[in-house]
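Below you'll find the structure, written out as structure tokens, and then a few comments.
Letters A, B, ... are given to chains in the order of the sequence lines, protein chains preceding strands, and every chain is numbered from 1.
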2 protein chains.
Amino acid sequence: MKDNFLNYNNYVSVDCVVLGYNEVENKLQVLLIKQKGPEPNTAELFKPQYAIPGDLIKEEESLDEAAARILEDLVNVKGLFLEQFFTFGHPDRVKDPKDADWLSTRRKDPLARVITVAYLALVRIDQINPSAGYFAEQTTWRSIKKIPKLAFDHNTIVSKALDIIREHPEQHLVGRELLPNKFTLSQLQNLYEVIQNKELDKRNFRKSIKNNEYLITLDEKQKGVLHKPAQYYAFKKPKK
Amino acid sequence: MKDNFLNYNNYVSVDCVVLGYNEVENKLQVLLIKQKGPEPNTAELFKPQYAIPGDLIKEEESLDEAAARILEDLVNVKGLFLEQFFTFGHPDRVKDPKDADWLSTRRKDPLARVITVAYLALVRIDQINPSAGYFAEQTTWRSIKKIPKLAFDHNTIVSKALDIIREHPEQHLVGRELLPNKFTLSQLQNLYEVIQNKELDKRNFRKSIKNNEYLITLDEKQKGVLHKPAQYYAFKKPKK
DNA sequence: ATACTTATTGTATTTTGTACAATAAGTGAT
DNA sequence: ATCACTTATTGTACAAAATACAATAAGTAT
């Protein structure tokens, strides 16, 4: 009877596309890590590649918890915006020869299939301080316009994340996640322009954004700027 | 050194929410199976529950392929519309006592965690003939308004599928999937009304739907009906 | 010719999207 | 006090899309 039991087993990982917004330079960047092996000085064992942060899930954690743990380990910040967006599970997604060396330092069975659940995180670059964790030799921000060749199928994963955020920026509350607590409408417009990669008309942008139920006008203006001071705004806390 | 290797292993399954449209009764239903064990006459080993069709993935198949296989085995139809929509991976999602008996007939380690990638399928009820496959004792259609208690977290999975189809019916090409090759605008409107669970104004529906780039007017009308015969329409094939 | 049933269509109104440029409110220099 | 400079802020005309609402058309059956 035991012969009828199914027994396929797989690795399951969570990978995080961390999009960081640099307000000063008005740039949207993605957080990459440089792979490292499990031991110090394992660099000679393989040619490290850039990758997005990810890890196998642990036995007792949910997928959401795994994503939070990976980010916490990497950027030492809790409570970031995190959203599952797609699961990548092609049998060959970790079987490119370019990835064999790194896997051999990390897995008992380097050719085993890995199914990965991908998450999107949004952060303000100036608010976090990524530091190499136990799975990263170093971390680096790269412009979403110049993403290098990444390990595994991570280029595909990043592309899909960008598609999703561009589709519905307002649904992803990008303003709340990527701007300071108080901000001007010009700051908000700059952010939308970077995400959508196109210029927006000031008057029309203001008309449409002012319908946003979450936007509230603060009782405060800019001070000390060399021009007409702008009104500050904030986001209401989400309903739920 | 081997001690540093990570070694968490998991079952990965694909579950399919099959939504079927019954045009005559204008009902949207979900396809459920009644669980069966791997051997004939195993019903006495456990109390079978209703569930959505799903199965562990096989070693060499992609997630999409697994979903197609599961449906093919169940409904003997290939080439259905299929879309991945979410992955459910809570550590306890298969550990409810109600599910222990069935798992014990199917798994070497019934308490092992199972992560499931959920797919949405759209079908015309009159076009397919679901038949009990190797994992189903029997199959049944149930109205989306009266879904019984299901095995595992399948009620949650079905709910999420319904949320998704209601959000963007046109993006899911529900017309193409759920109507005959030629159809009237009233048929199309009925379908949208069932999915969105609200009534639509005929004139406004026609105005908006006629902007649909995929809709074409056929050179044919209804015949033999006891009223003004309606024009037939069809959908163009999707671009790619 | 009439009754019956569903298909089809238009108009007025509101809302939303788009294109486009002048004025306002600060600072710093004179 | 005035002026130059910089960014913030606002309105108007037009087009497009969403909404509310009811009369006429084309068949069949009697």
query = At under 4.0 Å between heavy atoms, what does Gln231(B) touch on the DNA or RNA strands: base, sugar-phosphate, or nothing?
reply = sugar-phosphate
request  = Establish, yes or no, whether a centroid distance under 6.0 Å links the rings of Phe152(B) and Phe88(B).
outcome  = no
Residue whose nearest DNA chain D nucleotide is more 5′ - Lys207(A) or Lys228(A) = Lys228(A)
task = For Ser208(A) and for Gly224(A), find the nucleotide of DNA chain C with the closest heavy atom, then tell me which residue's nucleotide is more 5'.
result = Ser208(A)
request  = Could you please name the option among dA7(C), dT27(C), dG10(C) that lies closest to any side-chain atom of Leu226(A)?
outcome  = dT27(C)
key: Under 4.0 angstrom between Lys221(B) side-chain N/O and dG27(D) OP1 or OP2   = yes
task = Look at all strands and tell whether Asp201(B) reaches a base, only sugar-phosphate, or nothing, counting heavy atoms closer than 4.0 Å.
result = base
key: Arg206(A) side chain near dT9(D) phosphate (N/O to OP1/OP2, under 4.0 Å)   = yes
task = Flag the pair Ile33(B) / Leu31(B) as yes when at least one side-chain heavy-atom distance between them is below 4.5 Å, and no otherwise.
result = no
inquiry  = In this structure, how many angstroms lie between the C1' atom of dT19(D) and the CG atom of Asn211(B), rounded?
reply    = 15 Å
message = Would you say the rings of Tyr192(B) and Phe205(B) are close, in the sense that their centroids are separated by under 6.0 Å?
response = yes
ask   = In whole angstrom, what separates Asn190(A)'s CG from dT7(D)'s C1'?
value = 12 Å
remark   = The nucleotide from dT10(D), dT27(C), dA25(C) with an atom nearest the side chain of Pro229(A) is dA25(C)
key: For atom CD of Gln189(B) and atom P of dT8(C), their distance in whole Å   = 11 Å
ask   = Between atom CD in Gln222(A) and atom C1' in dG26(C), what is the gap in whole Å?
value = 10 Å
query = Would Glu61(B) and Arg69(B) pass as an ion pair if we require N to O under 4.0 Å?
reply = yes
query = Can you check the Ile209(A) CD1 to dT16(C) C1' distance for me, whole Å?
reply = 15 Å
inquiry  = Using whole Å, what does the distance between atom P of nucleotide dA8(D) and atom OH of Tyr232(A) come to?
reply    = 11 Å
query = Ile147(A) versus Val158(A): any side-chain heavy-atom pair under 4.5 Å?
reply = yes
query = Atom CG of Asn212(A) and atom C1' of dT16(C): how far apart are they, to the nearest Å?
reply = 16 Å
request  = Select base, sugar-phosphate, or nothing to describe what Ser186(A) touches, counting heavy atoms under 4.0 Å on all strands.
outcome  = sugar-phosphate
ask   = Side chain of Asn204(A), base of dA19(C): donor and acceptor closer than 3.5 Å?
value = yes
First encountered from the 5' end of DNA chain C, between His227(A) and Ala230(B) = Ala230(B)
note = Whole-Å distance, Leu188(A) CG to dA8(D) P, equals 13 Å
